[in-house]
Participant: 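First the structure, which I've put down as structure tokens, then a few questions once you've had a look.
Computed over heavy atoms, backbone and side chain alike; hydrogens, waters and symmetry mates excluded. So that the names make sense, note that chain A is the first sequence line, chain B the second, and so on, each numbered from 1. The model shown is predicted, which means the values in this text are computed figures rather than measured ones.
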Number of protein chains: 2
Amino acid sequence: MGETKLPVGRILTGDCVDMLRTLPDASVDLVFADPPYNLQLGGELYRPNNTRVAGVDDDWDRFVGFEAYDAFTRDWLAECQRVLKDTGTLWVIGSYHNIFRVGATLQDLGYWILNDVVWRKANPMPNFRGKRFTNAHETMIWAARSENARKYTFNYDAMKALNDDQQMRSDWFLPICSGSERLKDDNGDKAHPTQKPESLLARVLLASTRPDDVVLDPFFGTGTTGAVAKRLGRRWIGVEREAKYIEVAKRRIAETEAAEDPLALALANKRDQPRVPFGRLIEEGLIRPGEVLFDARRRWTAKVRADGHLISAEHRGSIHSVGAAVQGAPACNGWTFWHAERKGMPVPIDAFRSQIRLGMGEKVGA
Amino acid sequence: MGETKLPVGRILTGDCVDMLRTLPDASVDLVFADPPYNLQLGGELYRPNNTRVAGVDDDWDRFVGFEAYDAFTRDWLAECQRVLKDTGTLWVIGSYHNIFRVGATLQDLGYWILNDVVWRKANPMPNFRGKRFTNAHETMIWAARSENARKYTFNYDAMKALNDDQQMRSDWFLPICSGSERLKDDNGDKAHPTQKPESLLARVLLASTRPDDVVLDPFFGTGTTGAVAKRLGRRWIGVEREAKYIEVAKRRIAETEAAEDPLALALANKRDQPRVPFGRLIEEGLIRPGEVLFDARRRWTAKVRADGHLISAEHRGSIHSVGAAVQGAPACNGWTFWHAERKGMPVPIDAFRSQIRLGMGEKVGA
DNA sequence: TGACAGCTTGAATCCTTTG
DNA sequence: ACAAAGGATTCAAGCTGTC
């Protein structure tokens with residue numbers, strides 16, 4: 001009964017919580033939410049080449065403090081919980097700025113976390129000042145409506161098929177949204193500061209919905225969720241406040257066609273051989289800091305630093321650059337050039353790398 | 001003064017918060033914490049003060065469970081914050097069961113999150129029921145003591161070196177602790193349910209401590225933190241309640257060899273190098289007064305004055321300010337921007353600075 | 001048309017010392 | 001306290017223009 005009155009295929013214009021209140025109880029099969037992250041950016045940030053980084057400074061990401069953000073989070077999460085069917089699940093995406101608060105609130109409300117899933121970005125923005133690790137991932141929480149809601153949809157076999165017939169893991173390696181997929185406004189600037197890649201949404205929908213399911217996105221933005229839902233034969237409902245985003249989303253979804261090969265949309269980036277930095281050999285204890293390496297004919301030596309650099313009489317750097325430098329060669333494969341002594345015999349360090357790769361298994365991409 | 005009384009190299013036996021209270025303010029350089037994921041023991045629910053919660057309905061049970069866990073978390077995190085130096089940082093590891101609560105509490109206390117770091121497990125346990133994604137990662141939060149504590153230790157160059165000279169990302173791929181590294185009890189069962197791999201701790205310590213720093217682990221378990229600290233030439237303090245873990249940890253650390261080559265463990269950051277004024281290059285005769293410098297693409301030139309200033313067609317000032325001015329850029333590193341001609345080849349003036357620094361003797365560590 | 005070099009850009013809580 | 005100056009800092013994609 002309720003379903004027939006659902007505003008399927010429409011974008012509800014207005015405040016997120018207000019609009020959610022107009023939907024009936026237990027009426028949607030999935031919620032995908034990409035709420036404001038409460039980024040609290042300070043001043044300007046420049047790249048080393050002096051170009052300015054366009055940060056997120058939109059009004060919709062400004063909150064007075066954690067309390068205000070928590071209240072906002074609680075309100076929209078509670079409405080989503082009401083609106084979800086008992087077989088439905090909810091996804092939220094966020095960064096370290098907000099995801100811990102979102103996760104705790106979600107638990108407080110009685111949602112039951114099924115997984116946290118890490119979106120590893122193939123091409124993240126670097127850390128330009130060298131003060132932190134490259135922030136190379138975002139976190140998604142996947143949760144059922146309650147601890148007792150155990151009959152949620154999970155397409156285990158589809159996920160396994162996507163991942164070369166191995167169970168899909170909780171870490172997904174996907175590129176960010178760029179190139180022609182990234183929507184532009186009339187000025188040629190990005191239409192939305194935080195547009196998500198369709199590949200991410202495709203995997204979410206393929207994992208946790210069935211055809212014709214109703215997917216609700218309370219922070220619709222430029223309609224990635226709607227476009228992917230349409231492409232995959234799912235129904236959708238959006239909520240969005242900003243007129244400029246709604247306009248872009250409507251045009252986008254109108255131009256979207258159902259996909260011929262739905263699985264292809266969600267494919268992971270394949271990576272060939274897993275890359276093993278030399279530093280891993282030290283971390284794994286296969287090479288000791290301070291140990292002396294040498295070439296096959298013992299013409300040169302270099303000492304290993306704890307950070308994975310080599311130091312020779314005159315040079316310092318990676319195994320490759322020091323190998324090249326001592327020989328006066330333009331390049332050098334340090335893996336085959338340098339050796340360590342084991343039981344009185346020289347062993348190429350590449351042998352240790354192989355050992356690690358064996359332990360890792362061959363897969364690193366998906 | 002405080003430091004001399006620190007119980008370095010000792011395991012404090014007792015309740016975590018009680019023991020932390022015995023440590024002086026601002027006395028440790030790093031905290032690594034692997035807290036319990038819930039407070040349920042033997043199926044019963046306990047408050048932090050070890051009083052048992054009576055049988056209750058599900059909702060209240062859940063509420064009390066989270067509330068108790070949050071209170072416990074708040075207590076130990078607050079003590080760690082008190083005990084940390086202003087240059088120190090804290091790491092916490094957890095899974096989706098507890099990490100969101102820990103992260104939110106940490107923010108509420110005024111810690112300043114620097115990164116969340118994902119430990120991707122090379123060989124995770126599969127999901128046997130096929131109802132979820134393989135839980136293939138755990139999450140670590142790395143945080144400074146407060147927003148204003150910006151002089152925390154981060155060995156940027158060491159991390160970059162460890163990763164084949166590319167910035168270390170926030171997702172780390174490492175094997176779980178298994179094989180001979182996994183400690184067993186007398187029955188041959190694993191001595192601790194959640195023993196972390198030494199490679200994980202090694203990367204944490206190499207990233208965020210210097211040799212001789214004091215590392216505190218409030219949930220010491222079988223002493224992975226202590227063993228790795230010893231191996232890497234760091235000092236350590238442990239807190240642990242369970243006698244059986246303490247016994248294992250003591251034996252383990254006694255058998256661990258201390259760093260054999262402290263020099264190889266010194267991780268010089270570029271920022272730690274001595275400052276060399278541009279004028280020194282002139283005093284040393286490496287640059288002549290009146291000589292003309294130019295940028296790599298020979299788009300601008302500037303003449304060197306005897307006092308170390310540059311003069312271009314329209315600007316005068318330091319190598320940095322003139323470099324910025326000619327480009328119309330907000331800032332410029334004159335050392336890498338300006339070049340001098342030697343034997344017909346352009347040489348960045350930074351090369352002359354390196355030459356002077358070599359003569360001063362390389363200052364390693366800090 | 002292809003190869004290649006160069007430019008742009010991405011949810012970012014992104015400096016340090018001296019005066 | 002604040003202001004000024006020194007000087008350290010980036011990776012993967014995708015697009016554009018040139019030869």
Participant: So B:Arg353, base contact, sugar-phosphate only, or nothing? Heavy-atom distance under 4.0 Å.
Facilitator: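 Sugar-phosphate, no base atom in range.
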
Participant: Please work out if A:Pro197 contacts a base, only the sugar-phosphate, or nothing of the nucleic acid, heavy-atom cut-off 4.0 Å.
Facilitator: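 No contact at all - A:Pro197 keeps every heavy atom at 4.0 Å or more from the nucleic acid.
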
Participant: Using a cut-off of strictly less than 4.0 Å, decide whether B:Tyr156 has a side-chain nitrogen or oxygen near OP1 or OP2 of D:dT10.
Facilitator: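 The answer is yes; a side-chain N or O of B:Tyr156 sits under 4.0 Å from OP1 or OP2.
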
Participant: Both A:Asn127 and B:Pro277 contact DNA chain D. Taking the nearest nucleotide for each, which residue is further toward the 5' end?
Facilitator: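 Closer to the 5' end of DNA chain D: B:Pro277.
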
Participant: If you check the A:Ser178 side chain, which of D:dA8, C:dA11, D:dG14 turns out closest?
Facilitator: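 Minimum distance to the A:Ser178 side chain belongs to D:dG14.
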
Participant: Please determine if a side-chain N or O atom of A:Gln195 lies less than 4.0 Å away from the OP1 or OP2 oxygen of C:dA11.
Facilitator: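 For C:dA11, OP1/OP2 do not have a side-chain N/O of A:Gln195 under 4.0 Å.
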
Participant: On the nucleotide C:dC15, are OP1 or OP2 found under 4.0 Å from the side-chain N or O atoms that B:Lys151 carries?
Facilitator: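 For C:dC15, neither OP1 nor OP2 has a side-chain N or O of B:Lys151 closer than 4.0 Å.
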
Participant: Just how far, in rounded Å, is C1' of C:dG10 from CG of A:Leu183?
Facilitator: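 In whole Å, C:dG10 C1' and A:Leu183 CG are 15 Å from each other.
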
Participant: Using a heavy-atom cut-off of 4.0 Å across all strands, would you classify A:Gln40 as base, sugar-phosphate, or nothing?
Facilitator: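 A:Gln40: base contact, heavy atoms under 4.0 Å.
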
Participant: For a quick test of reading the model: is some side-chain N or O of B:Asn333 closer than 4.0 Å to OP1 or OP2 of D:dA8?
Facilitator: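 Indeed, a polar side-chain atom of B:Asn333 lies that close.
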
Participant: Under 3.5 Å, is there a donor-acceptor pair linking the side chains of A:Arg252 and A:Thr224?
Facilitator: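 Yes.
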
Participant: If you only use heavy atoms from C-beta on, which nucleotide in D:dA8, D:dT10, C:dA11 is closest to the side chain of B:Arg357?
Facilitator: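 In terms of side-chain proximity for B:Arg357, the closest of D:dA8, D:dT10, C:dA11 is D:dA8.
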
Participant: Tell me: CH2 of B:Trp112 to P of C:dC15, nearest whole Å?
Facilitator: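 After rounding, the gap between these two atoms is 12 Å.
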
Participant: Under a 3.5 Å distance rule, please check whether B:Tyr96 uses its side chain to pair with a backbone N or O of A:Trp142 as donor and acceptor.
Facilitator: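 Not a single qualifying donor-acceptor pair exists.
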
Participant: Measure from CG on A:Leu174 to P on D:dA12 and round the result to the nearest Å.
Facilitator: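 One finds 17 Å between P of D:dA12 and CG of A:Leu174, rounded.
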
Participant: If you only use heavy atoms from C-beta on, which nucleotide in C:dG10, C:dC14, C:dA12 is closest to the side chain of A:Val53?
Facilitator: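 Minimum distance to the A:Val53 side chain belongs to C:dA12.
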
Participant: Are any of the side-chain heavy atoms of A:Met140 and A:Val204 separated by less than 4.5 Å?
Facilitator: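 With C-beta onward as the side chain, the pair touches.
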
Participant: What is the separation between atom CZ on B:Arg150 and atom P on C:dA12, rounded to the nearest whole Å?
Facilitator: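 Whole-Å distance recorded here is 17 Å.
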
Participant: Output the residues of residues 294-329 of chain B in contact with DNA chain D, where contact means a heavy atom of the residue under 4.0 Å from an atom of the strand; sort by number or write none.
Facilitator: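 Here the set is B:Ser318, B:His320.
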
Participant: From C-beta outward on B:Arg275, which listed nucleotide comes closest to its side chain: C:dT17, D:dA8, C:dA11?
Facilitator: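 That would be C:dT17.
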
Participant: Determine the Euclidean distance between corresponding C1' atoms of D:dT9 and C:dA12; express it in Å to zero decimal places.
Facilitator: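 So the two C1' atoms sit 14 Å from each other.
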
Participant: Find the distance B:Gln167:CD to D:dA12:P and express it as a whole number of Å.
Facilitator: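 These atoms are roughly 10 Å apart.
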
Participant: Measure from the side chain of A:Pro126, starting at C-beta and using heavy atoms only, and say which of C:dC14, C:dA11, D:dC11 lies closest.
Facilitator: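 Output: D:dC11.
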
Participant: Angle between ring planes, A:Phe133 versus B:Phe154, binned at 30° and 60°: parallel, tilted or perpendicular?
Facilitator: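 Because their plane-to-plane angle is over 60°, the rings of A:Phe133 and B:Phe154 count as perpendicular.
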
Participant: Would you indicate, yes or no, if C:dT16 has its OP1 or OP2 atom less than 4.0 angstrom from a side-chain nitrogen or oxygen of A:Lys131?
Facilitator: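 Yes, A:Lys131 has a side-chain N/O under 4.0 Å of OP1/OP2 on C:dT16.
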
Participant: Rounded to whole angstrom, note down the C1' distance from C:dT1 over to D:dT16.
Facilitator: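 That atom pair is separated by 16 Å.
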
Participant: Dot-bracket for DNA chain D, 5' to 3', with Watson-Crick and G-U pairs under 3.5 Å, [ ] for crossing pairs and | for other-strand pairs: what is it?
Facilitator: .|||||....|||||||||

Participant: Choose from D:dC11, C:dC14, D:dA8 the nucleotide whose nearest atom is closest to any side-chain atom of A:Arg132.
Facilitator: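 Taking heavy atoms from C-beta onward, the closest nucleotide is C:dC14.
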
Participant: Need one value for B:Glu147: base, sugar-phosphate or nothing, where a base atom within 4.0 Å counts as base even if backbone is also close, heavy atoms only.
Facilitator: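 Since no nucleic acid heavy atom lies under 4.0 Å of B:Glu147, the category is nothing.
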
Participant: Can you tell me if A:Glu138 and A:Tyr37 form a side-chain donor-acceptor pair at under 3.5 Å?
Facilitator: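 The criterion, which ignores hydrogens and geometry beyond distance, is satisfied for A:Tyr37 and A:Glu138.
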
Participant: Can you find a side-chain donor-acceptor pair between B:His137 and B:Asp171 that sits under 3.5 Å?
Facilitator: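 Note: B:His137 and B:Asp171 side chains miss the donor-acceptor criterion.
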
Participant: Which sits closer to the 5' end of DNA chain D, B:Arg271 or A:Met125, going by the nucleotide each is nearest to?
Facilitator: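 The residue whose closest nucleotide sits nearer the 5' end is B:Arg271.
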
Participant: Could you check whether B:Thr336 gets within reach of a base, just the sugar-phosphate, or nothing at all, counting any heavy atom under 4.0 Å?
Facilitator: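 Touches nothing.
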
Participant: What class does the angle between the rings of A:His192 and A:Trp60 fall in, given that below 30° is parallel, 30 to 60° is tilted and above 60° is perpendicular?
Facilitator: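 Plane angle under 30°, so parallel.
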
Participant: Rounded to the Å, how far apart are A:Asp61 CG and C:dA12 C1'?
Facilitator: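 Rounded to the whole Å, the gap is 12 Å.
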
Participant: Determine which pairs satisfy salt bridge (Lys or Arg N to Asp or Glu O under 4.0 Å) with at least one residue from residues 36-58 of chain A, sequence neighbours left out, and list them in order.
Facilitator: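 Non-adjacent pairs meeting salt bridge (Lys or Arg N to Asp or Glu O under 4.0 Å): A:Glu44-A:Arg52.
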
Participant: When rounded to the nearest Å, what value does the distance between P atoms of D:dA5 and C:dA11 take?
Facilitator: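 Pairwise P distance, D:dA5 against C:dA11, rounds to 36 Å.
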
Participant: Salt bridge between A:Arg251 and A:Asp186, side-chain N to carboxylate O under 4.0 Å?
Facilitator: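 No, A:Arg251 and A:Asp186 are not salt-bridged.
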
Participant: In terms of the nearest nucleotide of DNA chain C, which residue is placed more toward the 5' end: A:His97 or A:Cys177?
Facilitator: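 Here A:Cys177 is the residue nearer the 5' end.
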
Participant: Under 3.5 Å, is there a donor-acceptor pair linking the side chains of A:Asn49 and A:Thr51?
Facilitator: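 There is such a pair (donor and acceptor under 3.5 Å, judged by atom type) between the side chains of A:Asn49 and A:Thr51.
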
Participant: Got a donor-acceptor pair under 3.5 Å from the side chain of A:Arg47 to the base of C:dG10?
Facilitator: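 It does, because a donor-acceptor pair links the side chain of A:Arg47 to the base of C:dG10 below 3.5 Å.
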
Participant: Does the side chain of B:Ser312 pick up a donor-acceptor pair with the side chain of B:Trp300 at under 3.5 Å?
Facilitator: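 No, B:Trp300 and B:Ser312 have no side-chain donor paired with an acceptor closer than 3.5 Å.
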
Participant: Going by atom types only, do A:His97 and A:Ser95 share a side-chain donor-acceptor pair under 3.5 Å?
Facilitator: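 A:Ser95 and A:His97 do have a side-chain donor-acceptor pair below 3.5 Å.
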
Participant: 5'-most contact on DNA chain C: A:Asn135 or A:Ile176, nearest heavy atom basis?
Facilitator: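 Its nearest nucleotide lies further toward 5', so the answer is A:Ile176.
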
Participant: So, under a plain 3.5 Å distance rule, would you say the side chain of A:Lys196 forms a donor-acceptor pair with the base of C:dA11?
Facilitator: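 Such a pair exists between side chain and base.
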
Participant: Using whole Å, what does the distance between atom C1' of nucleotide C:dA12 and atom CG of B:Asn115 come to?
Facilitator: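 The answer, rounded to whole Å, is 11 Å.
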
Participant: Return the value, rounded to whole Å, for the distance between atom OH of A:Tyr46 and atom P of C:dT8.
Facilitator: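 About 15 Å, once rounded to whole Å.
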
Participant: Is there a side-chain polar atom (N or O) of A:Lys190 under 4.0 Å from OP1 or OP2 of C:dT9?
Facilitator: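 Indeed not, no polar side-chain atom of A:Lys190 lies that close.
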
Participant: Distance-only, no hydrogens or angles: does the B:Asn115 side chain make a donor-acceptor pair with backbone N or O of B:Val117 under 3.5 Å?
Facilitator: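 No.
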
Participant: What contact category does A:Asp34 fall into here, base, sugar-phosphate, or nothing, at under 4.0 angstrom with non-hydrogen atoms?
Facilitator: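 The residue A:Asp34 makes base contact.
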
Participant: Pick the C1' atom in C:dT9 and in D:dT10, then give their distance to the nearest Å.
Facilitator: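 Rounded to whole Å, the distance is 12 Å.
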
Participant: So what does A:Ser95 touch, heavy atoms closer than 4.0 Å: a base, only the sugar-phosphate, or nothing?
Facilitator: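 No contact.
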
